[in-house]
Amino acid sequence: MASATESRYGYRDVSDQNFDYMFKLLIIGNSSVGKTSFLFRYADDTFTSAFVSTVGIDFKVKTVYRNDKRVKLQIWDTAGQERYRTITTAYYRGAMGFILMYDITSEGSFNAVQDWATQIKTYSWDNAQVILVGNKCDMEEERIIAPEKGKHLADHLGFQFFEASAKENIQVKQVFERLVDIICDKMSESLDTDHPPGGKNLRFTDTAPPVHQKCSC
Ligand code: GTP
Ligand code: MG
């Protein structure tokens with residue numbers, strides 16, 4: 001799946017140690033909800049309507065900047081098919097954040113959310129942060145799951161909630177930004193220190209801070 005520079009075998013990825021933090025993130029949910037499409041949209045800004053079901057697991061990396069720190073995101077895209085479950089759950093450990101995805105046009109994928117949440121609870125760290133994403137919100141005419149239903153379930157599970165579209169590039173970047181933000185907040189909480197310099201309102205970008213910008217370390 002990943003390009004030469006971005007796959008686990010990629011030279012640049014292996015050699016690039018130039019970051020302040022590394023966050024391991026996982027995208028999970030039923031097959032065909034759009035996990036791979038969501039990652040491709042975020043990392044490469046591409047989308048294809050062809051469905052090539054993921055085999056096992058793969059990842060892409062993307063570096064973002066928060067509070068003038070380089071945060072390297074290692075984003076794992078898991079196969080939704082049941083037969084890969086043993087492989088994929090082995091990667092939950094050590095993940096700091098999850099994007100749990102369903103498809104707003106698929107009741108089955110929504111009904112499976114509770115099971116996916118249980119998997120997170122079983123296999124991941126207690127402090128892992130989760131965002132529930134209802135993908136394919138561009139398909140309004142085929143919608144089966146109302147946004148309120150998604151929000152209600154997210155509230156019940158203690159997760160944040162977004163509706164998004166990998167196809168139309170709706171709320172994709174925002175989901176990742178929010179996930180990084182809540183991981184950072186959780187980190188500063190568990191370090192029992194003040195919030196990062198500048199507090200929660202500091203901007204999160206995917207471009208390097210200008211050279212003249214004063215370091216907030
Ligand atoms: P597995 O790898 O089997 O777990 O599936 P997946 O969740 O990775 O699904 P994938 O990203 O391969 O997408 C499945 C199908 O849904 C493909 O045909 C995509 O083009 C389509 N798709 C993904 N996201 C969207 C979206 O936001 N809107 C629409 N309309 N189609 C989408
Ligand atoms: Mg996939």
Side-chain angles (χ1 to χ4, degrees), residues 1-3 6-10 24-62 73-92 95 97-120 122-124 130-147 149-151 153-154 157 159-179:
M1 171 192 87
S3 65
E6 288 167 326
S7 79
R8 72 194 82 174
Y9 308 112
K24 176 180 165 186
L25 311 178
L26 249 76
I27 311 179
I28 63 171
N30 274 14
S31 181
S32 94
V33 298
K35 300 179 294 298
T36 303
S37 307
F38 201 77
L39 179 54
F40 269 76
R41 173 60 78 192
Y42 179 59
D44 302 335
D45 201 14
T46 59
F47 177 81
T48 166
S49 45
F51 177 26
V52 182
S53 195
T54 303
V55 173
I57 189 156
D58 205 344
F59 75 90
K60 279 179 174 284
V61 290
K62 186 167 165 97
L73 305 180
Q74 187 185 73
I75 310 162
W76 292 86
D77 171 31
T78 62
Q81 290 182 49
E82 178 75 42
R83 70 178 119 146
Y84 298 114
R85 206 56 47 85
T86 319
I87 303 170
T88 55
T89 50
Y91 286 81
Y92 284 38
F98 287 82
I99 292 171
L100 199 178
M101 186 172 288
Y102 67 90
D103 169 353
I104 66 149
T105 72
S106 155
E107 193 159 28
S109 73
F110 182 72
N111 291 340
V113 166
Q114 177 68 63
D115 286 346
W116 287 108
T118 306
Q119 302 259 312
I120 295 174
T122 310
Y123 296 105
S124 83
V130 187
I131 295 189
L132 180 65
V133 173
N135 189 38
K136 308 195 187 180
C137 73
D138 57 285
M139 297 176 75
E140 197 50 58
E141 295 198 342
E142 286 96 282
R143 177 192 285 277
I144 290 178
I145 308 300
K149 234 177 139 183
K151 174 80 172 79
L153 179 58
L157 293 166
F159 301 160
Q160 302 245 336
F161 176 67
F162 281 82
E163 279 201 349
S165 166
K167 183 179 182 188
E168 298 298 333
N169 198 8
I170 300 167
Q171 298 278 63
V172 175
K173 194 172 164 192
Q174 286 82 352
V175 166
F176 284 96
E177 288 181 359
R178 178 69 61 83
L179 188 54

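Just so you know, residue 1 is the first one in the sequence shown, and it goes up from there. Start at 1 and go down the list; that is how both ligands and their atoms are numbered.
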Can you find a heavy atom in the side chain of [X] that is under 4.5 Å from one in the side chain of [Y]?
X: Lys136; Y: Glu142; answer: no
X: Ile104; Y: Glu163; answer: yes
X: Asn135; Y: Val33; answer: no

Interfacing atoms of ligand 1 (cut-off 4.0 Å, heavy-atom, [X]):
X: Thr54; answer: 1 (P), 2 (O), 3 (O)
X: Ser165; answer: 27 (O)
X: Lys167; answer: 26 (C), 27 (O), 28 (N), 29 (C), 30 (N)
X: Gly80; answer: 1 (P), 4 (O)

Nearest-neighbour protein heavy atom for [atom], which is reported as residue plus atom name and distance:
atom: atom 18 (O) of ligand 1; value: Ser49 O, 2.9 Å
atom: atom 20 (O) of ligand 1; value: Thr48 O, 2.8 Å
atom: atom 5 (O) of ligand 1; value: Ser32 N, 2.9 Å
atom: atom 27 (O) of ligand 1; value: Ala166 N, 2.9 Å
atom: atom 24 (N) of ligand 1; value: Asn135 ND2, 3.2 Å
atom: atom 22 (N) of ligand 1; value: Lys136 CE, 3.7 Å
atom: atom 9 (O) of ligand 1; value: Gly34 N, 3.2 Å
atom: atom 11 (O) of ligand 1; value: Ser37 OG, 2.6 Å

* Structure fact -> Among Lys35, Glu168, Glu142, the residue with a heavy atom nearest to atom 6 (P) of ligand 1 is Lys35
* If you take all heavy atoms of Arg41 and Phe47, which pair is closest and at what distance? -> NH2-CB, 3.4 Å
* Asked: Do you know which two heavy atoms are closest between Gln171 and Phe38, and how far apart they sit?
  -> O-CZ, 4.4 Å
Could you tell me whether [X] approaches ligand 1 through its side chain, its backbone, both or neither, with non-hydrogen atoms closer than 4.0 Å?
X: Ala79; answer: backbone
X: Asp138; answer: side chain
X: Phe47; answer: side chain

* Structure fact -> Within a distance under 2.8 Å of the Mg ion (ligand 2), the protein atoms of type N, O or S are Thr36 OG1, Thr54 OG1
So, does [X] use its side chain to make a donor-acceptor pair with the main chain of [Y] at under 3.5 Å?
X: Lys35; Y: Gly29; result: yes
X: Arg178; Y: Lys173; result: no
X: Lys24; Y: Tyr92; result: no
X: Ser106; Y: Asp103; result: no
X: Thr78; Y: Ile27; result: yes

* Counting only heavy atoms not in Tyr84, do more than 12 fall under 6.0 Å of its OH? -> yes
* Would the number of heavy atoms belonging to other residues, nucleotides or ligands and lying under 6.0 Å from CD of Gln174 be above 12? -> yes
* Asked: Between atom CG of Leu100 and atom CZ of Phe159, what is the distance when rounded to the nearest 0.5 Å?
  -> 6.0 Å
* Asked: With no hydrogens and no angle check, do the side chains of Thr36 and Asp77 hold a donor and an acceptor under 3.5 Å apart?
  -> yes
